[in-house]
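The structure under discussion appears below in the form of structure tokens.
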Amino acid sequence: KVKCEIVMYPAALMDFFKIEGDTTLLIKGDPGVGKTIFSLQILSKLKDELTGVYFSTRSVIRAIVKQLPWIKDVLSKNQLVDAVKPAVMSKDHGDIIEWTTLPQFLRSLYYRLKELQKEGKKVIVVVDSVDAITNALELSIEKVINPINQVLYNMGAKGIYITERSGITLLDYLCDGVVLLKKELHHDRIVRKIYLEKLRGVEIKKPFYTFTVHSGRFKAFARFYKIPVKISKQHPFISDNKDTHFAENKMFSTGSTQLDKILYGYAYGSTILVKFEEIIPTDAYSIFIGPLTENFLSQDRLVIYMPSKNTPSLDVALGFAELIGDKVKNNLKIISLAEKISQENITSTNVPHISKWFIGNLIEQVKMYVSQKERFLLVIDVDHLMAFYENSAEILKAITILAKLVKESQNLMIVKTFSSLEIINKKIAALSDYYFEVFSIGNQLFMYGVKPYTPIYNISLEVVNEHPTTVYKVMS
């Protein structure tokens with residue numbers, strides 16, 4: 001089984017703050033990328049070891065608390081300091097300091113640190129942002145940061161500086177650690193990344209993470225890794241039979257409660273195209289396709305399943321049997337052209353003939369199930385077929401016929417393909433009712449909908465009640 005752990009913070013960054021002394025971290029990035037949220041959640045994460053204080057020099061605390069109400073449960077009023085110049089706000093949500101010179105600011109910082117140290121813990125200070133101070137005082141970065149660093153050193157405090165200067169500046173050299181938050185576009189959708197550029201005294205094993213700030217919370221996504229999952233009981237299926245809201249709306253459940261909330265299910269008679277990047281591990285295919293297949297089988301429905309060309313049919317059968325038990329025996333029909341050719345020792349000259357027979361036989365089987373008015377899910381692997389067909393037109397013709405049969409009988413077909421099969425993918429996409437792309441960034445798995453349009457979601461597997469469960473977290 002494959003599992004993707006979801007972590008709140010990069011581990012190396014937490015190790016950095018464990019270093020003794022007055023270490024300083026620079027958080028840089030363009031406006032709106034999530035720097036403030038990130039810095040406040042660092043204070044939240046470290047609250048048991050360090051007393052945090054947040055100096056806002058560009059946004060009034062009242063506005064920040066309104067946007068991020070959870071910080072009231074993490075930081076008290078005397079830990080939220082309005083240092084906007086000039087001060088024109090109330091003390092409802094935090095303390096206020098007024099300053100017109102750098103010495104005034106430094107004096108306020110010193111006394112605030114001294115007051116907080118009475119709690120018996122070391123202090124960590126966020127200055128958000130350095131740019132607001134330098135601009136207000138018309139001073140250079142060096143003339144602002146060096147005195148602040150000296151105050152932190154004298155008080156044995158740690159510091160976090162925020163800047164909207166994304167490039168390399170003098171700040172990068174004056175701070176012990178540097179992280180860069182960026183928003184990048186992937187197919188016109190936002191991907192957020194945090195780059196660990198420098199963490200003095202800490203080995204950076206993973207230089208970047210993808211993250212989300214959905215609901216005003218920073219979450220970094222960790223890499224995929226395999227772990228054994230012992231399944232001792234079957235997972236309850238999502239009923240979409242008669243008298244459910246799915247049936248009333250002529251929809252099938254996706255097999256995932258989270259994906260159902262995103263898509264509301266799959267409409268009867270639909271063809272679903274799922275395009276995977278080639279670099280995605282084979283085990284990860286089941287993360288998106290598996291829940292739907294499992295949900296069909298659990299409700300005693302027929303599933304006609306074409307595995308990846310290198311995946312043995314027995315592995316597929318055993319995998320689903322582990323999840324849902326004996327229902328696999330009567331409901332799962334595995335079709336593999338690769339195994340047919342291998343088992344019968346078919347020569348290369350006869351491969352085209354047996355391939356044509358295989359497709360024709362599949363179509364006839366589906367027609368039979370349609371005539372018997374069976375509810376079924378058909379899973380087709382285009383890469384599996386392409387390995388034995390020289391002409392992609394024959395595959396496209398077969399998928400078109402199958403899509404028509406599925407549409408007329410109000411059943412469901414899912415077509416798995418790879419991004420490299422560009423020409424046939426475009427044609428299949430044209431006849432599909434749903435179209436999703438699944439890709440990876442740094443060993444992390446993501447998907448987004450083309451039809452219907454969706455933002456990017458991180459996909460992971462978590463073990464819930466001793467059962468692997470697909471989890472979707474929006475990248476926003």
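Just so you know, these numbers use all the heavy atoms, side chains as well, and skip hydrogens, waters and symmetry mates.
- The minimum heavy-atom distance linking I279 with S440 is given by the pair CD1-OG, 3.3 Å.
- Between F388 and I341, the closest side-chain pair of non-hydrogen atoms falls below 4.5 Å.
- The minimum heavy-atom distance between P10 and A220, with the atom names listed, is CD-CB, 4.3 Å.
- Within 6.0 Å of OH in Y264 there are 12 or fewer heavy atoms belonging to other residues, nucleotides or ligands.
- The environment of I423 atom CD1 is sparse: at most 12 non-hydrogen atoms of other residues, nucleotides or ligands sit within 6.0 angstrom.
- In terms of modelled atom types and a separation under 3.5 Å, the side chain of W70 and the main chain of V65 share no donor-acceptor contact.
- Proximity of a side-chain donor or acceptor of D131 to a complementary backbone N or O of E164 within less than 3.5 Å is detected.
- Within the 4.5 Å cutoff, the side chain of L40 has heavy atoms near those of the L75 side chain.
- Aromatic rings from F38 and F218 are positioned such that their centres are separated by under 6.0 Å.
- Identified under the side-chain hydrogen bond (donor to acceptor under 3.5 Å, both in side chains) test for residues 391-405, with sequence neighbours left out: none.
- Screening residues 353-370 for side-chain hydrogen bond (donor to acceptor under 3.5 Å, both in side chains) gives no qualifying pairs among residues at least two apart or on separate chains.
- Expressed to the nearest 0.5 Å, how far CD1 of I238 lies from CD of E294 amounts to 9.5 Å.
- When the salt bridge (charged side-chain N to carboxylate O under 4.0 Å, His left out) test is applied to D240, the partners found at least two apart in sequence or on another chain are R301.
- A pairwise comparison of heavy atoms in G167 and D172 identifies O-OD1, 3.8 Å as the closest pair.
- In this structure, V450 and Y453 have side chains that are not in contact, with every pair of non-hydrogen atoms separated by 4.5 Å or more.
- Using the six-membered ring where Trp is involved, Y472 and F288 have ring planes that are perpendicular, over 60° apart on the 30 and 60° scheme.
- In this structure, S56 contributes its side chain and I61 its backbone to no donor-acceptor pair below 3.5 Å.
- Judged by distance alone, with hydrogens and angles left aside, the side-chain atoms of T212 form a donor-acceptor pair with the main-chain N or O of H214 at under 3.5 Å.
- A side chain to side chain contact (heavy atoms under 4.5 Å, CB included) with I304 holds for exactly one of L362, L377, I334; it is L362.
- The side-chain contact (heavy atoms from CB on, under 4.5 Å) search around L314 returns L318, not counting sequence neighbours.
- Annotation: side-chain hydrogen bond (donor to acceptor under 3.5 Å, both in side chains) contacts of S313 (sequence neighbours excluded): E339.
- E422 is linked by a side-chain contact (heavy atoms from CB on, under 4.5 Å) to K426, counting only residues two or more places apart in sequence or in another chain.
- Using modelled atom types, one side-chain atom of N425 and one backbone atom of L421 make a donor-acceptor pair closer than 3.5 Å.
- Legend: salt bridge (charged side-chain N to carboxylate O under 4.0 Å, His left out) pairs involving residues 431-440, not counting sequence neighbours, sorted by first then second residue: K275-E437, K407-D433.
- At a threshold of 4.5 Å between non-hydrogen side-chain atoms, the residues F16 and L25 count as touching.
- In this structure, the side chains of S308 and D383 stay at 4.5 Å or more apart for every pair of heavy atoms.
- Here the shortest heavy-atom pairing between T271 and A403 reads OG1-CB, 3.4 Å.
- If you look at F221 and F211, their ring centroids are not closer than 6.0 Å.
- Listed by chain and residue number, nothing satisfies the salt bridge (charged side-chain N to carboxylate O under 4.0 Å, His left out) test with K427 (two or more places apart in sequence, or in another chain).
- The main-chain N or O of Y435 is never found under 3.5 Å from a side-chain atom of K451 such that the two would form a donor-acceptor pair.
- Taken from CE in M306 to CD1 in I414, the straight-line distance is 13.5 Å, to the nearest 0.5 Å.
- Side chain of N458 to backbone of L445: a donor-acceptor contact under 3.5 angstrom is found.
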- Under the side-chain hydrogen bond (donor to acceptor under 3.5 Å, both in side chains) criterion, do T36 and R58 qualify, and how do the steps go? CA-CA 11 Å; T36 296; R58 57 175 178 167; 3.3 Å; yes

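- Counting only heavy atoms from C-beta outward, the side chains of V127 and I160 never approach each other to under 4.5 Å.
- Residue-environment remark: NZ (K206) exceeds the threshold of 12 foreign heavy atoms within 6.0 Å.
- Heavy atoms only, all atoms of each residue included: S253 and D260 are closest at OG-OD2, 2.7 Å.
- In this structure, CD on Q258 lies 9.5 Å from OG1 on T469, to the nearest 0.5 angstrom.
- For S371 (side chain) and M368 (main-chain N/O), a donor-acceptor pair under 3.5 Å exists by modelled atom type.
- Ring-centre distance between F252 and F246: not below the 6.0 Å cut-off.
- Residue D381 holds its CG atom at 6.5 Å from CZ of F418, rounded to the nearest 0.5 Å.
- Judged by distance alone, the side chains of D128 and Y54 do bring a donor and an acceptor atom under 3.5 Å apart.
- With sequence neighbours excluded, the residues forming a ring-ring contact (aromatic ring centres under 6.0 Å, His included) with Y434 are Y266, listed by chain and number.
- Taking CD1 from I194 and CG from L181, the interatomic distance works out to 4.5 Å, rounded to the nearest 0.5 Å.
- Across all their heavy atoms, L273 and S432 have their closest contact at CB-OG, 3.5 Å.
- The CD1 atom of I441 sits 4.5 Å away from the CZ atom of F439 when rounded to the nearest 0.5 Å.
- By the side-chain contact (heavy atoms from CB on, under 4.5 Å) test, P455 is found to be paired with Y457, V474, residues two or more places apart in sequence or in another chain being considered.
- Here S409 pairs with V370, F376, N411 under the side-chain contact (heavy atoms from CB on, under 4.5 Å) rule; sequence neighbours left out.
- Sorted by first and then second residue, the pairs that involve residues 180-203 and meet side-chain hydrogen bond (donor to acceptor under 3.5 Å, both in side chains), not counting sequence neighbours, are K28-E197, D176-R200, E184-K193, E184-Y195, H187-Y448.
- With a 6.0 Å cutoff to the six-membered ring centre and a 45° limit on the axis angle, K340 does not count as a cation-pi contact of F358.
- Put simply, the side chain of K158 reaches to within 4.5 Å of the side chain of L50, judged on heavy atoms.
- With no hydrogens or angles considered, a side-chain donor-acceptor pair links N241 and Q299 at under 3.5 Å.
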- Item | Stepwise side-chain contact (heavy atoms from CB on, under 4.5 Å) test for Y305 and F320 | CA-CA 11 Å; Y305 194 99; F320 282 114; 4.1 Å; yes

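- Checked by atom type and distance alone, the side chain of H384 pairs as donor or acceptor with a backbone atom of L337 at under 3.5 Å.
- The closest donor-acceptor contact from the side chain of T470 to the backbone of I287 lies under 3.5 Å.
- Under the 4.5 Å side-chain criterion, counting only non-hydrogen atoms from C-beta, I64 is not in contact with K66.
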